[in-house]
Protein chains: 2
Amino acid sequence: MLHVAEAARVSVATVSAVLNGTATVSPELTQRIEQAIRDIGYKRNAIARSLKMGTTRTIGLTVPHITNPFFTDVVSVIQQAFDRAGYAVMLCCTDEDLNTQDEQIRLLLDRMVDGLIVARVGDGGILKGIVEDANVPVVLLDRLCEGVDTDAVVLDNQRAVFDAVTYLIHLGHRRIGYITGASDISPMHDRMIGYREALQAAGLPVAEELVRSGNFHEIDGYNATMQLLSLHDRPSAIFSANNPMVIGTMKAIRDIGLSCPEDISVACFDDFPWSDVFVPQLTTVAQPVQAIGEQAANLLLERLAGNRDAPPRKLILKGRLMIRNSCRPLGALAQTISA
Amino acid sequence: MLHVAEAARVSVATVSAVLNGTATVSPELTQRIEQAIRDIGYKRNAIARSLKMGTTRTIGLTVPHITNPFFTDVVSVIQQAFDRAGYAVMLCCTDEDLNTQDEQIRLLLDRMVDGLIVARVGDGGILKGIVEDANVPVVLLDRLCEGVDTDAVVLDNQRAVFDAVTYLIHLGHRRIGYITGASDISPMHDRMIGYREALQAAGLPVAEELVRSGNFHEIDGYNATMQLLSLHDRPSAIFSANNPMVIGTMKAIRDIGLSCPEDISVACFDDFPWSDVFVPQLTTVAQPVQAIGEQAANLLLERLAGNRDAPPRKLILKGRLMIRNSCRPLGALAQTISA
DNA sequence: AACGCTAATCTAAACGTTTCGAATGTGTCA
DNA sequence: TGACACATTCGAAACGTTTAGATTAGCGTT
């Protein structure tokens with residue numbers, strides 16, 4: 001900027017003025033300065049600007065795993081939204097580990113991100129303190145966090161699973177296996193409640209041996225399914241509360257020599273692009289990823305636009321049951337349908 | 001830092017010294033300063049540091065679409081690698097659009113990223129100038145760029161497709177449809193060559209009506225497949241040079257009332273997690289995503305570590321044909337096998 | 001001709017670090 | 001006792017911006 005000022009024979013203040021349009025500058029000087037900028041190929045240093053202004057026009061986004069198709073899609077939407085608004089986004093993957101998350105949030109804060117969107121892990125760690133300090137706005141994504149009162153957009157997980165399990169019950173299933181992730185994550189907790197309530201609403205018992213817990217990965221789904229399938233009175237249907245784990249479920253079914261949906265019905269959380277192309281076409285609970293991403297971005301952008309002390313808003317969106325053909329009717333119902 | 005200095009009754013220079021270990025500081029002062037840091041909850045301002053040091057410990061990463069599973073995986077690996085090295089990564093999606101890419105690269109450069117990893121789009125745009133200026137190191141990912149001589153890691157695309165198509169030919173296929181993306185992208189160009197060479201090596205003609213070009217999206221694959229399948233002498237196999245497009249291919253096959261592999265064989269580029277779970281299990285060319293991501297990260301990290309003027313290195317990795325059951329043997333071969 | 005008003009431009013401080021060189025103190029050696 | 005080396009600490013400039021306030025010039029009024 002100094003060089004531009006010299007070349008245009010003006011002060012740096014004037015250059016800054018035309019760059020930002022913050023003051024009226026005569027046409028001649030404007031012209032000279034613009035020419036000098038082109039000649040020199042000057043690019044304004046956003047770091048120096050950030051230091052002075054106290055804002056970086058950068059936000060931090062952390063998710064447990066970007067390879068989980070739900071997060072892939074949401075990250076993509078969020079990235080686009082902030083790109084349109086002229087913000088950069090720093091992406092971090094916490095690998096479902098609290099220490100990693102704390103470290104990455106610190107990294108982002110050190111770099112003075114203007115805001116944070118977090119799909120939290122564990123108990124939230126340092127998140128609570130950050131929200132309380134209220135220096136940088138935080139919006140929670142997908143997962144609420146106990147004791148952390150801030151903007152959030154989540155799914156009505158309980159209702160979504162309730163609907164899905166009720167659907168299985170309507171098909172005639174009575175023993176429905178359930179595979180979940182760690183229950184300290186709010187969606188996992190809520191989904192579990194949805195499962196139990198659906199059974200209870202139908203007057204069915206909640207058999208603890210049908211509930212298995214894993215750590216979100218394919219292998220965990222595989223192991224859980226193996227256990228369910230080796231029960232002496234094995235379930236006729238399995239609902240997997242997490243998408244990567246359902247891959248493990250399908251592999252376990254195949255490896256054990258069964259097939260879906262003939263021998264066992266399967267449904268799961270989170271839709272994915274291939275779900276209606278291959279056989280079986282998996283029945284899933286689809287989250288409105290586009291809306292989730294956009295709403296999260298909007299909540300944060302509004303805070304960034306200055307609306308700091310409005311009360312926190314929690315947006316709760318509805319899932320949608322995508323009925324395909326991985327679940328088959330059972331018993332009397334099956335008779336009527338095939339007849 | 002000023003507050004810390006005051007609280008510990010020392011100068012800011014001394015605080016900086018203990019923070020960075022750049023000078024010997026007496027045990028008492030060190031102690032006092034550390035205490036003050038804890039008391040105040042001081043966090044060093046990375047922006048100010050960056051301004052002074054001229055380095056942000058942040059890199060920029062641009063890909064066409066993060067939802068393409070190949071890029072999802074590679075981004076994930078790269079993110080992890082830089083995280084380990086204490087770098088933040090700014091992620092941008094260019095949506096396969098050159099203007100968007102230019103804009104985003106400018107955005108990243110404004111923010112003084114220390115380096116860039118780019119899966120380029122179009123003809124590279126401003127990339128060439130940036131590499132020539134040599135202020136920030138650039139490594140090309142997945143796609144080389146004409147006239148841009150810099151570090152790169154790509155696949156041996158030609159060989160990979162050659163192998164895949166040769167496999168189809170060995171199965172007895174003679175008319176093999178080929179669906180590609182825009183040919184100004186080096187991998188698409190090279191894959192096409194691999195296709196032609198495989199046919200020529202087998203003494204088969206290259207029928208232009210069997211080659212269709214799309215814009216990387218599912219819908220393009222759908223349309224291209226529809227065209228191929230409505231040919232009066234339709235192909236017995238289709239190879240899709242891009243993963244999202246193969247979804248369109250599968251949908252088109254289904255919509256037209258055919259089935260894979262009975263009526264038509266399908267193979268495609270890029271593996272995905274579900275590929276061996278559902279039916280048909282798709283035969284794919286798997287890229288070594290882990291290695292690609294790590295090598296790209298390493299190339300850049302080495303440059304960042306100071307090795308600036310070594311000649312550019314191009315790493316060419318090998319793909320792997322994952323033979324599953326979406327391609328069936330034809331003619332005489334089918335007889336022998338089923339006999 | 002002196003005055004005030006407005007518009008255009010500039011000067012200089014500030015943002016929070018790092019770092020060079022100067023200053024201070026302490027012990028060693030001739 | 002003075003000179004010197006060494007260890008420790010500090011003052012102040014610098015990084016590239018923004019911006020409040022000062023300065024200057026131009027112009028219409030009286």
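Within every chain, numbering begins at 1; the chains are lettered A, B, ... in the order of the sequence lines, protein sequences first and strands thereafter.
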Is there a side-chain polar atom (N or O) of [X] under 4.0 Å from OP1 or OP2 of [N]?
X      : N       : answer
T24(B) : dA7(D)  : no
R49(A) : dC15(C) : no
N20(A) : dT18(D) : yes
S16(A) : dT18(D) : yes

Could you pick out which residue, S26(B) or V15(A), lies toward the 5' side of DNA chain D when each is mapped onto its nearest nucleotide?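 With S26(B) and V15(A) compared, the 5'-side residue is S26(B).
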Could you check whether any side-chain N or O of R120(B) sits under 3.5 Å from a backbone N or O of G122(B), counting only pairs where one atom can act as donor and the other as acceptor? yes
Would you say the side-chain atoms of T58(A) pair up with the backbone N or O of T56(A), donor to acceptor, closer than 3.5 Å? yes
Please tell me whether Q35(B) and Q31(B) have a donor and an acceptor in their side chains that are separated by less than 3.5 angstrom.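 Absent: no donor and acceptor within the cut-off.
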Does any part of the side chain of L98(B), heavy atoms only, come nearer than 4.5 Å to the side chain of D123(B), both counted from C-beta?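 When only atoms from C-beta onward are counted, L98(B) and D123(B) do touch, with a gap below 4.5 Å.
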Between C1' on dG16(D) and CZ on R44(A), what's the gap in Å once rounded to a whole number? 11 Å
To the nearest Å, give me how far apart CG (D110(A)) and P (dT17(C)) are. 10 Å
Counting any heavy atom closer than 4.0 Å, what does I47(A) reach on the DNA or RNA strands: base, sugar-phosphate only, or nothing? nothing
Given DNA chain C, 5'-ward residue of the pair A13(A) and P27(A), judged by closest heavy atom: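 Its nearest nucleotide being more 5', the pick is P27(A).
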Output the single nucleotide from dT19(C), dG16(C), dT9(D) whose closest atom is nearest the side chain of T14(B).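 Between dT19(C), dG16(C), dT9(D), the one nearest the side chain of T14(B) would be dT9(D).
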